[in-house]
There are 2 protein chains.
Amino acid sequence: MTAPNPRLDRTFSALAHPTRRAILQRLSEGDARVTDLAEPFAASLNAISKHILALERANLVIRRKEGREHMLRLNPEPFDGALDWMVSRAELWKRRLKLLDVLLQSDHRNS
Amino acid sequence: MTAPNPRLDRTFSALAHPTRRAILQRLSEGDARVTDLAEPFAASLNAISKHILALERANLVIRRKEGREHMLRLNPEPFDGALDWMVSRAELWKRRLKLLDVLLQSDHRNS
DNA sequence: ACAACATTCAACCAAGTAGTTGAATAAATG
DNA sequence: CATTTATTCAACTACTTGGTTGAATGTTGT
(Lines give C-alpha, C1' and ligand atoms only; values in the text may rest on other atoms or scores of the structure.)
Protein backbone atom coordinates (compact mmCIF):
# COMPACT_ATOMS: atom_id res chain seq x y z
CA MET A 1 0.00 0.00 0.00
CA THR A 2 3.00 2.30 0.52
CA ALA A 3 1.39 5.04 2.63
CA PRO A 4 1.82 8.61 1.37
CA ASN A 5 4.74 10.26 3.08
CA PRO A 6 4.84 14.07 3.14
CA ARG A 7 8.30 14.04 4.72
CA LEU A 8 9.65 12.56 1.50
CA ASP A 9 7.94 15.34 -0.48
CA ARG A 10 9.76 18.00 1.52
CA THR A 11 13.09 16.20 1.50
CA PHE A 12 13.09 15.60 -2.24
CA SER A 13 11.97 19.09 -3.12
CA ALA A 14 14.62 20.54 -0.82
CA LEU A 15 17.21 18.44 -2.68
CA ALA A 16 15.90 19.53 -6.08
CA HIS A 17 17.75 22.86 -6.08
CA PRO A 18 21.51 22.99 -6.79
CA THR A 19 22.08 25.89 -4.40
CA ARG A 20 20.50 23.95 -1.56
CA ARG A 21 22.56 20.85 -2.34
CA ALA A 22 25.67 23.05 -2.28
CA ILE A 23 24.64 24.51 1.07
CA LEU A 24 24.25 21.02 2.51
CA GLN A 25 27.64 20.07 1.14
CA ARG A 26 29.18 23.12 2.78
CA LEU A 27 27.48 22.32 6.08
CA SER A 28 28.91 18.82 6.04
CA GLU A 29 32.31 20.49 6.52
CA GLY A 30 31.12 22.17 9.69
CA ASP A 31 28.47 24.48 11.09
CA ALA A 32 28.19 27.92 9.53
CA ARG A 33 26.35 31.20 9.77
CA VAL A 34 23.89 32.47 7.18
CA THR A 35 26.45 34.99 5.91
CA ASP A 36 29.12 32.28 5.57
CA LEU A 37 26.76 30.11 3.59
CA ALA A 38 25.78 32.98 1.31
CA GLU A 39 29.34 34.08 0.58
CA PRO A 40 30.21 31.67 -2.29
CA PHE A 41 27.02 32.41 -4.23
CA ALA A 42 26.14 35.11 -6.69
CA ALA A 43 22.61 35.37 -5.30
CA SER A 44 21.69 37.88 -2.59
CA LEU A 45 21.87 37.09 1.11
CA ASN A 46 18.09 37.18 1.21
CA ALA A 47 17.84 34.51 -1.47
CA ILE A 48 20.14 32.25 0.53
CA SER A 49 18.19 32.96 3.70
CA LYS A 50 15.11 31.61 1.90
CA HIS A 51 16.96 28.50 0.74
CA ILE A 52 18.00 27.87 4.33
CA LEU A 53 14.37 28.22 5.37
CA ALA A 54 13.44 25.54 2.82
CA LEU A 55 16.13 23.25 4.22
CA GLU A 56 14.82 23.92 7.73
CA ARG A 57 11.26 23.07 6.63
CA ALA A 58 12.63 19.76 5.38
CA ASN A 59 14.43 19.40 8.71
CA LEU A 60 17.72 18.89 6.89
CA VAL A 61 19.23 21.80 8.78
CA ILE A 62 18.90 22.92 12.39
CA ARG A 63 19.27 26.54 13.50
CA ARG A 64 20.80 27.62 16.80
CA LYS A 65 20.83 31.34 17.62
CA GLU A 66 23.97 32.67 19.25
CA GLY A 67 23.48 36.36 19.82
CA ARG A 68 23.01 38.02 16.49
CA GLU A 69 24.38 35.06 14.57
CA HIS A 70 22.41 32.01 13.52
CA MET A 71 24.48 28.85 13.42
CA LEU A 72 23.25 26.21 11.00
CA ARG A 73 23.96 22.54 11.51
CA LEU A 74 23.44 19.70 9.07
CA ASN A 75 20.86 17.15 10.19
CA PRO A 76 21.31 14.00 8.10
CA GLU A 77 18.27 12.23 9.53
CA PRO A 78 15.66 13.07 6.85
CA PHE A 79 18.33 12.54 4.22
CA ASP A 80 18.78 9.00 5.51
CA GLY A 81 15.01 8.55 5.40
CA ALA A 82 14.92 9.47 1.73
CA LEU A 83 17.95 7.30 1.08
CA ASP A 84 16.28 4.30 2.71
CA TRP A 85 13.19 4.83 0.58
CA MET A 86 15.27 4.99 -2.58
CA VAL A 87 17.30 1.91 -1.72
CA SER A 88 14.20 -0.16 -1.00
CA ARG A 89 12.53 1.00 -4.22
CA ALA A 90 15.64 0.42 -6.30
CA GLU A 91 15.89 -3.16 -5.05
CA LEU A 92 12.21 -3.86 -5.51
CA TRP A 93 12.04 -2.35 -8.96
CA LYS A 94 15.16 -4.04 -10.21
CA ARG A 95 13.92 -7.40 -8.99
CA ARG A 96 10.56 -6.92 -10.69
CA LEU A 97 11.98 -5.61 -13.94
CA LYS A 98 14.29 -8.60 -14.10
CA LEU A 99 11.34 -10.92 -13.51
CA LEU A 100 9.26 -9.21 -16.20
CA ASP A 101 12.17 -9.58 -18.56
CA VAL A 102 12.38 -13.31 -17.95
CA LEU A 103 8.63 -13.65 -18.50
CA LEU A 104 8.91 -11.72 -21.74
CA GLN A 105 11.70 -13.97 -22.97
CA SER A 106 9.80 -17.20 -22.27
CA ASP A 107 6.75 -15.59 -23.87
CA HIS A 108 8.87 -15.02 -26.94
CA ARG A 109 9.94 -18.68 -27.06
CA ASN A 110 6.30 -19.80 -26.79
CA SER A 111 5.11 -17.61 -29.67
CA MET B 1 34.20 21.02 -6.65
CA THR B 2 31.05 18.89 -7.15
CA ALA B 3 29.92 20.19 -10.53
CA PRO B 4 26.30 21.37 -10.75
CA ASN B 5 24.12 18.61 -12.10
CA PRO B 6 20.78 19.58 -13.68
CA ARG B 7 19.82 15.92 -14.09
CA LEU B 8 19.66 15.63 -10.30
CA ASP B 9 17.41 18.70 -10.19
CA ARG B 10 14.90 17.05 -12.50
CA THR B 11 15.10 13.66 -10.83
CA PHE B 12 14.59 15.01 -7.32
CA SER B 13 11.78 17.32 -8.29
CA ALA B 14 10.06 14.48 -10.15
CA LEU B 15 10.32 12.39 -6.98
CA ALA B 16 8.98 15.21 -4.81
CA HIS B 17 5.32 14.54 -5.64
CA PRO B 18 3.46 11.60 -4.06
CA THR B 19 1.36 10.97 -7.16
CA ARG B 20 4.48 10.65 -9.29
CA ARG B 21 6.11 8.28 -6.78
CA ALA B 22 2.94 6.19 -6.88
CA ILE B 23 3.01 6.15 -10.68
CA LEU B 24 6.61 4.91 -10.64
CA GLN B 25 5.66 2.25 -8.13
CA ARG B 26 2.83 1.13 -10.38
CA LEU B 27 5.12 1.04 -13.42
CA SER B 28 7.56 -1.19 -11.56
CA GLU B 29 4.84 -3.85 -11.73
CA GLY B 30 4.74 -3.60 -15.50
CA ASP B 31 4.21 -1.22 -18.38
CA ALA B 32 0.91 0.63 -18.49
CA ARG B 33 -1.13 3.08 -20.55
CA VAL B 34 -1.91 6.62 -19.46
CA THR B 35 -5.50 5.63 -18.69
CA ASP B 36 -4.36 2.67 -16.57
CA LEU B 37 -2.03 4.90 -14.60
CA ALA B 38 -4.74 7.49 -14.03
CA GLU B 39 -7.36 5.01 -12.89
CA PRO B 40 -6.43 4.72 -9.18
CA PHE B 41 -6.26 8.48 -8.65
CA ALA B 42 -8.92 11.03 -7.82
CA ALA B 43 -7.29 13.60 -10.11
CA SER B 44 -8.34 14.01 -13.74
CA LEU B 45 -6.73 12.15 -16.61
CA ASN B 46 -5.22 15.43 -17.75
CA ALA B 47 -3.55 15.96 -14.40
CA ILE B 48 -1.99 12.49 -14.59
CA SER B 49 -0.91 13.13 -18.18
CA LYS B 50 1.04 16.13 -16.88
CA HIS B 51 2.64 14.10 -14.10
CA ILE B 52 3.75 11.57 -16.70
CA LEU B 53 5.24 14.41 -18.72
CA ALA B 54 7.25 15.47 -15.66
CA LEU B 55 8.50 11.90 -15.22
CA GLU B 56 9.43 11.83 -18.91
CA ARG B 57 11.33 15.12 -18.59
CA ALA B 58 13.30 13.49 -15.75
CA ASN B 59 13.77 10.48 -18.04
CA LEU B 60 12.36 8.19 -15.35
CA VAL B 61 9.73 6.96 -17.78
CA ILE B 62 9.90 6.13 -21.47
CA ARG B 63 6.91 6.40 -23.80
CA ARG B 64 6.25 4.05 -26.71
CA LYS B 65 3.24 4.78 -28.94
CA GLU B 66 1.20 1.78 -30.05
CA GLY B 67 -1.62 3.07 -32.18
CA ARG B 68 -3.80 5.23 -30.07
CA GLU B 69 -2.31 3.98 -26.83
CA HIS B 70 0.87 5.22 -25.21
CA MET B 71 2.72 2.55 -23.28
CA LEU B 72 4.85 3.84 -20.42
CA ARG B 73 7.90 1.97 -19.18
CA LEU B 74 9.88 2.60 -16.03
CA ASN B 75 13.47 3.65 -16.67
CA PRO B 76 15.44 3.22 -13.45
CA GLU B 77 18.64 4.77 -14.80
CA PRO B 78 18.25 8.37 -13.51
CA PHE B 79 16.87 6.94 -10.29
CA ASP B 80 20.12 5.04 -9.84
CA GLY B 81 22.03 8.23 -10.61
CA ALA B 82 20.26 10.07 -7.80
CA LEU B 83 20.72 7.07 -5.52
CA ASP B 84 24.45 7.04 -6.19
CA TRP B 85 24.67 10.73 -5.40
CA MET B 86 22.81 10.24 -2.13
CA VAL B 87 24.89 7.26 -1.06
CA SER B 88 28.17 9.07 -1.71
CA ARG B 89 26.95 12.16 0.17
CA ALA B 90 25.61 10.13 3.08
CA GLU B 91 28.95 8.40 3.51
CA LEU B 92 30.96 11.57 3.17
CA TRP B 93 28.76 13.55 5.52
CA LYS B 94 28.61 10.89 8.16
CA ARG B 95 32.38 10.51 8.13
CA ARG B 96 32.87 14.26 8.47
CA LEU B 97 30.26 14.71 11.16
CA LYS B 98 31.89 11.94 13.16
CA LEU B 99 35.27 13.61 12.76
CA LEU B 100 33.88 17.01 13.82
CA ASP B 101 32.35 15.32 16.83
CA VAL B 102 35.69 13.87 17.88
CA LEU B 103 37.37 17.25 17.46
CA LEU B 104 34.66 18.87 19.55
CA GLN B 105 35.15 16.34 22.33
CA SER B 106 38.92 16.82 22.50
CA ASP B 107 38.31 20.58 22.39
CA HIS B 108 36.10 20.15 25.41
CA ARG B 109 38.79 18.26 27.34
CA ASN B 110 41.33 20.99 26.58
CA SER B 111 39.11 23.81 27.91
C1' DA C 1 -18.95 6.55 -42.30
C1' DC C 2 -19.62 6.75 -37.39
C1' DA C 3 -19.22 6.27 -32.64
C1' DA C 4 -16.26 5.24 -28.91
C1' DC C 5 -11.77 5.49 -27.05
C1' DA C 6 -6.90 7.30 -25.87
C1' DT C 7 -4.44 11.05 -25.50
C1' DT C 8 -2.97 15.73 -25.93
C1' DC C 9 -3.59 20.79 -26.52
C1' DA C 10 -5.22 25.27 -24.94
C1' DA C 11 -6.80 28.35 -21.74
C1' DC C 12 -7.36 29.38 -17.38
C1' DC C 13 -6.74 29.66 -12.06
C1' DA C 14 -4.69 29.38 -7.46
C1' DA C 15 -0.73 28.58 -5.09
C1' DG C 16 4.12 28.07 -4.79
C1' DT C 17 9.11 29.25 -5.95
C1' DA C 18 13.19 31.92 -6.77
C1' DG C 19 14.72 36.03 -7.11
C1' DT C 20 15.01 41.18 -6.25
C1' DT C 21 15.18 45.72 -3.28
C1' DG C 22 14.42 48.30 0.79
C1' DA C 23 13.18 48.69 5.54
C1' DA C 24 13.05 46.69 10.29
C1' DT C 25 15.07 44.41 14.27
C1' DA C 26 18.50 43.14 17.27
C1' DA C 27 23.24 42.41 18.93
C1' DA C 28 28.20 43.70 19.06
C1' DT C 29 31.65 47.27 18.95
C1' DG C 30 34.23 51.79 18.92
C1' DC D 1 25.33 56.46 22.13
C1' DA D 2 26.10 55.85 17.31
C1' DT D 3 27.60 52.58 13.98
C1' DT D 4 28.30 48.48 11.98
C1' DT D 5 26.99 43.73 11.50
C1' DA D 6 23.71 39.67 11.15
C1' DT D 7 19.54 38.44 9.96
C1' DT D 8 14.68 38.65 8.89
C1' DC D 9 10.37 40.84 7.17
C1' DA D 10 7.58 42.89 3.51
C1' DA D 11 6.41 43.85 -0.98
C1' DC D 12 6.96 43.02 -5.50
C1' DT D 13 7.98 40.46 -10.06
C1' DA D 14 8.51 36.58 -13.18
C1' DC D 15 8.07 31.90 -13.63
C1' DT D 16 6.54 27.22 -12.42
C1' DT D 17 3.30 23.79 -10.64
C1' DG D 18 -0.76 21.26 -10.01
C1' DG D 19 -5.11 21.34 -10.96
C1' DT D 20 -9.44 22.21 -13.70
C1' DT D 21 -12.61 22.16 -18.12
C1' DG D 22 -13.48 21.89 -22.95
C1' DA D 23 -11.99 21.20 -27.56
C1' DA D 24 -8.91 18.88 -30.91
C1' DT D 25 -6.46 14.90 -32.87
C1' DG D 26 -5.79 10.44 -34.12
C1' DT D 27 -7.06 5.27 -33.79
C1' DT D 28 -10.03 1.40 -33.36
C1' DG D 29 -14.23 -1.27 -33.85
C1' DT D 30 -19.03 -1.80 -35.88
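Quick note on labels: first sequence line is chain A, next is B, and so on, each numbered from 1.
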Mapping A:Ala43 and B:Glu69 onto DNA chain C by nearest heavy atom, which one lands closer to the 5' end? B:Glu69
If each of B:Lys50 and A:Arg20 is mapped to the nucleotide of DNA chain C with the nearest heavy atom, which maps nearer the 5' terminus, i.e. the 5' end? B:Lys50
Distance-minimising heavy-atom pair for A:Asn59 and A:Asn75: O-ND2, 3.0 Å
Minimum heavy-atom separation for A:Asp31 to A:Arg73, with atom names? OD2-NH2, 2.5 Å
Electrostatic pair A:Asp36-A:Arg26, nearest N-O below 4.0 angstrom: no
Nucleotide nearest [X] (side chain, heavy atoms from C-beta), chosen from [options]:
{"X": "A:Asn46", "options": "D:dT20, D:dT4, C:dT20", "value": "C:dT20"}
{"X": "A:His70", "options": "C:dT8, D:dT7, C:dT21", "value": "D:dT7"}
{"X": "B:Ser44", "options": "D:dT20, C:dA18, C:dT7", "value": "D:dT20"}
{"X": "B:Leu45", "options": "C:dT7, C:dG19, D:dG19", "value": "C:dT7"}
{"X": "B:Arg68", "options": "D:dT27, D:dT20, C:dA27", "value": "D:dT27"}

Can you tell me how far [atom2] of [N] sits from [atom1] of [X], to the nearest Å?
{"X": "B:Asp9", "N": "C:dA18", "atom1": "CG", "atom2": "P", "answer": "10 Å"}
{"X": "A:Leu37", "N": "D:dT8", "atom1": "CG", "atom2": "C1'", "answer": "15 Å"}
{"X": "B:Ile48", "N": "D:dG18", "atom1": "CD1", "atom2": "P", "answer": "11 Å"}
{"X": "B:Arg33", "N": "D:dT28", "atom1": "CZ", "atom2": "P", "answer": "13 Å"}
{"X": "B:Lys65", "N": "C:dT8", "atom1": "NZ", "atom2": "P", "answer": "8 Å"}
{"X": "B:Glu56", "N": "C:dT7", "atom1": "CD", "atom2": "C1'", "answer": "12 Å"}
{"X": "B:Glu66", "N": "C:dT7", "atom1": "CD", "atom2": "P", "answer": "11 Å"}
{"X": "B:His17", "N": "C:dA15", "atom1": "NE2", "atom2": "C1'", "answer": "12 Å"}

Kindly say if B:His51 contacts the phosphate of D:dG19, meaning a side-chain N or O under 4.0 Å from OP1 or OP2. yes
Is there a side-chain contact between A:Ser49 and the phosphate of D:dT7, meaning an N or O under 4.0 Å from OP1 or OP2? no
Over 60° means perpendicular and under 30° means parallel, so tell me whether A:Trp93 and B:Phe79 are parallel, tilted or perpendicular. tilted
Which class fits the ring pair A:His17 and A:His51: parallel under 30°, tilted 30 to 60°, perpendicular over 60°? tilted
